[in-house]
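Residue numbers start at 1 and run along the sequence shown.
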Amino acid sequence: MKISVLGCGRWGSFIAWYQATVLKNQVISWGPEGDYSYEVLKTTGKNEYVSLDKSIKLTCDLEEAVTASDIIIISISAQGLRGFMQKVTRYPVKDKTFVLCMKGIEETTGKRLSEVLIESGIDKNKIAVWVGPGHIQAFTQGIPNCMIIDSYNDELKKYIADNFKSNLIRFYYGNDIIGSEIGAAAKNVLGIAAGVLDGSGYVSLKGPLMARGAYEVGKLIKAMGGEFNSAYGLAHLGDYETTLFSEYSHNRRYGEMMAHGAKFDKLAEGVMTAKAMKELGDKYGIELPITNAVYEGCFLTHPFDGGDGAKTCMEIILKLFDRQTKSEF
């Protein structure tokens, strides 16, 4: 298969490595000229996660990357997708298959990422999403995991999953693209909350966080037209270990730094997702107490202003205990 991977950061570089080294596909890895991740790969052929197979063609020529391959995998920041697609669609894309290996909700519109592609002119039947648990550091050590391919198109979903599977990644066919996308994005919000608990010494609350977090995400998925139980699948609950507990989790670490009142050098994806989810909850009339607590901690209390970050964050979390008693389900 001819595969182009657009984006050569953590996940982009891993996907290129996986496609070439494990699946033996023909791979082009694209990154913007001058970008740190691209320049490191160009100069050294490797980064802190992977060493690129010599068969991989590394390029900063977007036209070449888009036109040369049948399948285009995108792995960039979720909030930059719409603007990026304006560049991609300058080239012939009608016959291309797009696979989104990224997690998020567009903050300015509340749109799922597949919806952003559709609004950018991509046929919905040519779009798939690749989500679920897994850390690059574990994969490159040969530790396997399970992930999901979902799509509006059943044939495409099965084709991608069947051709991307290996002994390293077992793929399942998703059956709810709304739930797969919202669940995958929302787990990053829960990851920030888990980090706040870790950083504040309230680790025992991560069990209730898992249970109540999945429940509120399921309610939002259902309100948006998806299946409530999707929140309990691989895209959301199945990704909790790699998000709520792992030392490698960027979102969990971000929340931990918030609790310490320290500034993280890179904004976590879950920050803007919390804002988007809060607005979706308001739009659909769904109560999202944990999401709203993360939103408040990230946007309203300014935990990086030199104040007591742990006290601020935990005050927000513990306000959830003041809510009226109610049935669990």
Check this for me: Tyr202, atom OH, are more than 12 non-hydrogen atoms of other residues, nucleotides or ligands nearer than 6.0 Å?
no

Does Ser166 use its side chain to pair, donor to acceptor, with the backbone of Leu168 at less than 3.5 Å?
yes

Taking side-chain contact (heavy atoms from CB on, under 4.5 Å) as the definition, give me every residue that meets it alongside Ser51, ordered by chain and number, with sequence neighbours left out.
Lys46

In chain order, what residues pass the side-chain hydrogen bond (donor to acceptor under 3.5 Å, both in side chains) check against Asn145, with sequence neighbours excluded?
none

So, the side chain of Thr242 versus the backbone of Asp239: is there a donor-acceptor pair under 3.5 Å, distance only?
yes

How would you list all residue pairs meeting side chain to side chain donor-acceptor pair (under 3.5 Å) that involve residues 20-30, not counting sequence neighbours?
Gln19-Asn25

Give a yes/no verdict on a cation-pi contact between Lys278 and Tyr295, requiring under 6.0 Å between NZ or CZ and the six-membered ring centre and an angle within 45° of the axis.
yes

Partners meeting side-chain contact (heavy atoms from CB on, under 4.5 Å) with Arg82 (sequence neighbours left out)
Glu106, Thr109, Lys111, Val116, Glu119

Do Tyr172 and Arg170 pair up side chain to side chain, a donor and an acceptor below 3.5 Å, judged on atom types alone?
yes

Check whether any side-chain N or O of His135 sits under 3.5 Å from a backbone N or O of Ser246 as a donor-acceptor pair, and report yes or no.
no

Qualifying side chain to side chain donor-acceptor pair (under 3.5 Å) pairs, either residue in residues 207-235, two or more places apart:
Asp176-Ser230, Glu216-Thr291

Taking the side chain as every heavy atom from C-beta outward, state whether Val217 and Phe228 have any atom pair closer than 4.5 Å.
no

Please check if the side chain of Asn153 supplies one atom and the backbone of Asn125 the other of a donor-acceptor pair under 3.5 Å.
yes

Taking side chain as C-beta onward, heavy atoms only, is Arg323 less than 4.5 Å from Glu287?
yes

Across all chains, not counting sequence neighbours, the side-chain hydrogen bond (donor to acceptor under 3.5 Å, both in side chains) partners of Thr273 are none

Between Lys126 and Phe98, is NZ or CZ placed under 6.0 angstrom from the six-membered ring centre and within 45° of the ring axis?
no

Residue pair Ile160 / Trp130, side-chain heavy-atom distance below 4.5 Å
no

